Amino acid sequence: MKKITIAIDGFSSSGKSSMARQLAATIGYAYIDSGAMYRAVALYCLENDIITGDGIIDTERLEKCLPQINIGFEVNPVSGRSEVTLNGVNVENCIRTLEISNVVSRVAAVPAVRHAMVAIQQQLGIKKGIVMDGRDIGTTVFPDAEMKIYVNADAQVRAERRYKELLEKGQSVEFDEVLKNVKERDYIDMTREESPLRKAPDAILLDNSHMTPEEQNEALLQIFKRITNA
Ligand code: CDP
């Protein structure tokens with residue numbers, strides 16, 4: 001069967017990544033988490049004092065350093081999942097913290113960062129057969145994607161999901177901090193100049209506030225089958 005490109009965009013902590021990964025596994029496509037790339041760049045910025053903990057960026061230095069920030073993916077041989085690398089080092093376990101979440105959207109709003117990441121993402125999807133999730137996949141990275149989904153859920157619900165996830169990972173966080181971060185990232189992602197978070201006109205809206213993971217996976221699979229006549 002001819003492979004297509006699948007773009008899944010949406011708000012922070014909306015469960016896009018889980019549903020995108022699950023769909024890719026079910027249909028035998030590659031899965032790329034574009035947010036992990038921006039998180040890895042944010043990690044580089046924090047490690048090299050290009051951004052302060054409260055989000056003040058030295059944009060000029062960041063632009064100069066960009067050629068030295070190599071972002072890639074490698075497959076974890078145990079889980080089979082693709083994991084993000086920063087200059088050849090697997091940083092998957094360091095990028096999902098609230099510390100990174102608190103600065104990532106500011107890093108991702110820098111146009112030069114976006115141009116560099118979008119170029120890598122387009123290269124990764126050149127042969128199709130890919131599910132990519134993010135904020136601008138259906139609008140900027142793959143505007144011709146055959147299947148586009150725009151995911152949303154109530155901010156309170158999204159913060160509860162992320163809070164639970166962080167606690168399960170052993171991170172000590174306050175719920176109010178997580179909710180504040182979710183709302184702040186929504187705002188920055190929607191109002192930035194360069195490829196802001198928007199629903200592509202041809203994207204299908206999926207509100208998963210009241211869906212179980214199984215229900216949302218099934219909904220996505222049905223959309224895929226309909227689009228591909230499978
Ligand atoms: O926390 P969540 O999983 O929802 O976010 P993520 O997918 O890991 O993305 C982290 C951040 O990267 C987002 O809040 C956006 O600011 C930024 N991002 C972006 O600007 N464009 C993308 N295609 C993906 C992520």
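For clarity, every value in this text was computed on a predicted model and none was experimentally measured. Counting convention: from 1, in listed order, for ligands and their atoms alike.
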S.K.: Cut-off 3.5 Å, side chains only: do Glu215 and His210 have a donor facing an acceptor?
M.R.: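 No - no donor-acceptor pair under 3.5 Å links their side chains.
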S.K.: Where the side chain of Asp154 meets the backbone of Gln156, is there a donor-acceptor pair that is under 3.5 Å apart?
M.R.: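 The answer is yes, because a donor-acceptor pair under 3.5 Å joins these two groups.
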S.K.: Say whether Arg39, considering both its backbone and side-chain N or O atoms, lies within less than 3.5 Å of an N or O atom on ligand 1.
M.R.: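 So ligand 1 has an N or O lying under 3.5 Å from an N or O of Arg39.
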S.K.: Answer with yes or no whether Lys16 contacts ligand 1, where contact means a heavy atom under 4.0 Å from a ligand atom.
M.R.: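 The answer is yes: ligand 1 sits under 4.0 Å from a heavy atom of Lys16.
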S.K.: Looking only at protein heavy atoms, identify the closest one to atom 16 (O) of ligand 1 and say how far it is in Å.
M.R.: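 Closest protein heavy atom to atom 16 (O) of ligand 1: Asp189 OD1, 2.6 Å.
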S.K.: For ligand 1, find out whether one of its N or O atoms is nearer than 3.5 Å to an N or O atom of Ser14.
M.R.: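 No, Ser14 has no N/O under 3.5 Å of an N/O on ligand 1.
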S.K.: Examine distances only and state if a side-chain atom of Asn152 and a backbone atom of Asp207 form a donor-acceptor pair shorter than 3.5 Å.
M.R.: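 A pair under 3.5 Å: no.
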S.K.: How far is atom 7 (O) of ligand 1 from its nearest protein heavy atom, and which residue and atom is that?
M.R.: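 Nearest neighbour among protein heavy atoms for atom 7 (O) of ligand 1, to 0.1 Å: Arg135 NH1, 3.4 Å.
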S.K.: Could you tell me which atoms of ligand 1, counted from 1 in the order shown, lie closer than 4.0 angstrom to a heavy atom of Arg192?
M.R.: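 Result: 19 (C), 20 (O).
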S.K.: Report, in ascending order of atom number, the atoms of ligand 1 lying under 4.0 Å from any heavy atom of Ser12.
M.R.: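 So the atoms of ligand 1 that pass are 4 (O).
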S.K.: Please report the C-alpha distance between Arg162 and Glu165 in whole Å, then the side-chain angles of each, then the deciding distance to 0.1 Å, and finally whether the salt bridge (charged side-chain N to carboxylate O under 4.0 Å, His left out) criterion is met.
M.R.: CA-CA 5 Å; Arg162 184 51 50 94; Glu165 206 176 284; 3.3 Å; yes
S.K.: Would you indicate whether Glu193, at its atom CD, is surrounded by more than 12 heavy atoms from other residues, nucleotides or ligands within a distance under 6.0 Å?
M.R.: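 12 or below, so no.
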S.K.: With side chain to side chain donor-acceptor pair (under 3.5 Å) as the criterion, how do Arg96 and Ser101 come out once you've worked through the C-alpha distance, each side chain's angles and the decisive distance to 0.1 Å?
M.R.: CA-CA 7 Å; Arg96 316 264 171 207; Ser101 295; over 6 Å; no
S.K.: Identify the protein heavy atom lying closest to atom 17 (C) of ligand 1, giving its residue, its atom name and the separation to 0.1 Å.
M.R.: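 Heavy-atom neighbour on the protein nearest atom 17 (C) of ligand 1: Ala108 CB, 3.7 Å.
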S.K.: Do any nitrogen or oxygen atoms of Ser17 lie less than 3.5 angstrom from nitrogen or oxygen atoms of ligand 1?
M.R.: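 Ser17 vs ligand 1: no N/O contact under 3.5 Å.
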S.K.: Are there more than 12 heavy atoms of other residues, nucleotides or ligands under 6.0 Å from atom CD of Glu174?
M.R.: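 Counting other residues, nucleotides and ligands, CD of Glu174 stays at 12 neighbours or fewer.
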S.K.: If hydrogens are left out, which of Glu184, Arg185, Arg114, Met190 has an atom nearest to atom 21 (N) of ligand 1, that is, the closest non-hydrogen atom?
M.R.: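 Answer by nearest heavy atom: Arg114.
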S.K.: Which bit of Arg162 gets closer than 4.0 Å to ligand 1, counting heavy atoms only: side chain, backbone, both or neither?
M.R.: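 The answer is the side chain of Arg162.
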S.K.: Among all protein heavy atoms, pick out the one at the shortest distance from atom 25 (C) of ligand 1; state its residue, atom name and that distance to 0.1 Å.
M.R.: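 Heavy-atom neighbour on the protein nearest atom 25 (C) of ligand 1: Gly35 CA, 3.5 Å.
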S.K.: Would you say Asn208's side chain and Ser14's backbone share a donor-acceptor pair under 3.5 angstrom?
M.R.: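 At least one qualifying donor-acceptor pair exists.
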S.K.: Looking at Thr97, is its backbone amide N or carbonyl O close enough to the side chain of Lys169 to form a donor-acceptor pair, meaning the two atoms are under 3.5 Å apart?
M.R.: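 Not confirmed, Lys169 side chain does not pair with Thr97 backbone.
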S.K.: Could you say whether the N/O atoms of Gln121 and ligand 1 ever approach to under 3.5 Å?
M.R.: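 For ligand 1, there is no N or O atom that lies under 3.5 Å from one belonging to Gln121.
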S.K.: When you measure from atom 4 (O) of ligand 1 to every protein heavy atom, which one gives the shortest distance, and what is it?
M.R.: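 Checked against all protein heavy atoms, atom 4 (O) of ligand 1 sits closest to Ser13 N, 2.6 Å.
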S.K.: Answer yes or no: does atom CZ of Arg61 have more than 12 heavy-atom neighbours from other residues, nucleotides or ligands under 6.0 Å?
M.R.: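 Check passes, neighbour count above 12.
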S.K.: Is there a polar contact, in the sense of an N or O pair closer than 3.5 Å, between Ser34 and ligand 1?
M.R.: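 Looking only at distances, the answer is yes, because the N/O contact criterion of under 3.5 Å is met.
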S.K.: List every atom of ligand 1 that sits less than 4.0 Å from any heavy atom of Gly134, numbering the atoms from 1 in the order shown and giving each element.
M.R.: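 Listed by number with element, the hits are 22 (C), 23 (N), 24 (C).
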